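To find a chain, count down the sequence lines: A is the first, B the second, and so on, and within it residues start at 1. As the structure is a prediction and not an experimental result, all values here were calculated from the model.
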Amino acid sequence: MDEQELLCRIQEGDEAAFAKIVKKYKDRIVNYLYQLTGDYQRAVDLSQETFMRVYFKAKKYRPIAPFSSWLYTIASNLAKTEIRKVQKFSVISLDDLNNNYKSGAFAKNPSDSSLLAKQVRKALNSLHPRYKIPIILKDMEGFSLEEIAQVLKSPVGTIKARVSRGRNYLKKEMEKVLQDKESYPVKEETSDGRT
Amino acid sequence: MEELNLLEELERVKAPPGFEQRLEAQLQERKEKRRLMIRSLRYSFAGGIAFLLIFFTILNVIVFQKKKPADFTFQKGEILDAREYIPITEVVNYSSEIQNMASEPQVIYILEEVSDDIREGIKY
């Protein structure tokens with residue numbers, strides 16, 4: 001059964017069809033939102049909300065574009081809103097921080113294995129969503145420029161420019177990081193806090 | 001395309017175990033919430049309409065009942081000039097003036113010329 005048929009069944013309220021869609025896309029959406037937000041727990045919550053919207057807004061879906069484009073559009077919009085919200089209210093109280101730490105919320109966040117990956121992540125997180133979303137869709141999710149244009153509802157030329165600018169920015173950021181490393185060697189800290 | 005390779009090095013994550021069960025529970029909860037919301041909206045709409053009906057009924061009773069028809073009766077010793085007008089009501093019975101001609105015998109009138117001076121032909 002193809003996705004269009006599954007969508008038709010979801011429109012009629014078929015939960016089994018919805019479960020199939022979730023099973024197929026859950027990992028991709030969680031990963032996509034994780035790359036966008038940089039927070040695993042938040043990515044999982046946003047993925048849940050994305051699938052909720054798929055179920056409740058299924059009647060609004062028009063088969064003019066592939067289902068995956070529609071799904072990624074919902075996820076991207078949610079992520080954009082979330083990033084904006086986080087940027088607005090980035091102050092966290094110490095109590096919340098302590099509670100989250102004790103409850104193990106931070107422990108679930110997977111960390112990038114290599115230092116290089118960490119630097120890439122840092123550079124990626126510093127990118128504006130306008131550039132970050134097309135780059136992730138293109139270079140990590142394997143979407144074509146046309147598909148990204150469908151997801152973001154922008155002309156292909158605009159997407160092409162954003163991918164190019166985003167890559168350049170990322171390249172500059174990485175060069176900066178590498179230069180800093182060369183000029184300031186990392187001081188290794190001993191277990192008792194001395195360097 | 002070095003950036004591309006760098007991005008591919010980033011760790012890829014998967015949905016946590018129990019993701020679908022949690023989603024299913026959330027879905028049922030959201031469905032229930034929506035159903036309750038629709039029901040409460042329906043009741044509040046019906047309540048609103050009922051309230052408006054009752055309100056206008058009461059308004060009708062209070063406002064329009066005050067406007068009674070003009071009182072044409074006079075109290076004993078009341079001065080007529082104080083009134084703006086005097087209504088006169090007269091009962092007229094025309095039944096005696098209307099007769100049914102069909103019940104009477106038919107009468108034939110013959111017009112006969114009595115004058116000697118004939119100016120025009122007689123018309124019957």
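- Between A:Y25 and A:F51, the gap from one ring centroid to the other reaches at least 6.0 Å.
- If you look at A:Y169 and A:Y131, their ring centroids are not closer than 6.0 Å.
- Using a 4.5 Å cut-off between heavy atoms, A:I136 does not touch chain B at all.
- Counting only residues at least two apart or in different chains, salt bridge (charged side-chain N to carboxylate O under 4.0 Å, His left out) contacts with residues 24-34 of chain A comprise A:E3-A:K24, A:K26-B:E20.
- Only the side chain of A:F18 comes within contact range of chain B, judged by heavy atoms closer than 4.5 Å.
- B:R30 and A:E49 are joined by a salt bridge, as a carboxylate oxygen and a charged side-chain nitrogen come within less than 4.0 angstrom of each other.
- Counting only heavy atoms from C-beta outward, the side chains of B:F19 and B:K14 never approach each other to under 4.5 Å.
- Near-neighbour residues of residues 146-153 of chain A relative to chain B, defined by a heavy atom under 4.5 Å from a heavy atom of that chain, are none.
- Not a single donor-acceptor pair under 3.5 Å links the side chain of A:S69 to the backbone N or O of A:A65.
- Only the side chain of B:R34 comes within contact range of chain A, judged by heavy atoms closer than 4.5 Å.
- Between A:R9 and A:E12 there is no salt bridge, since none of the side-chain N atoms of the basic residue sits less than 4.0 Å from a carboxylate O of the acidic one.
- In this structure, the portion of A:A19 lying under 4.5 Å from any heavy atom of chain B is its backbone and not its side chain.
- Formation of a donor-acceptor pair under 3.5 Å by the A:T81 side chain with backbone atoms of A:N77 is found in this model.
- Within the 4.5 angstrom heavy-atom criterion, only side-chain atoms of A:V22, from C-beta onward, approach chain B.
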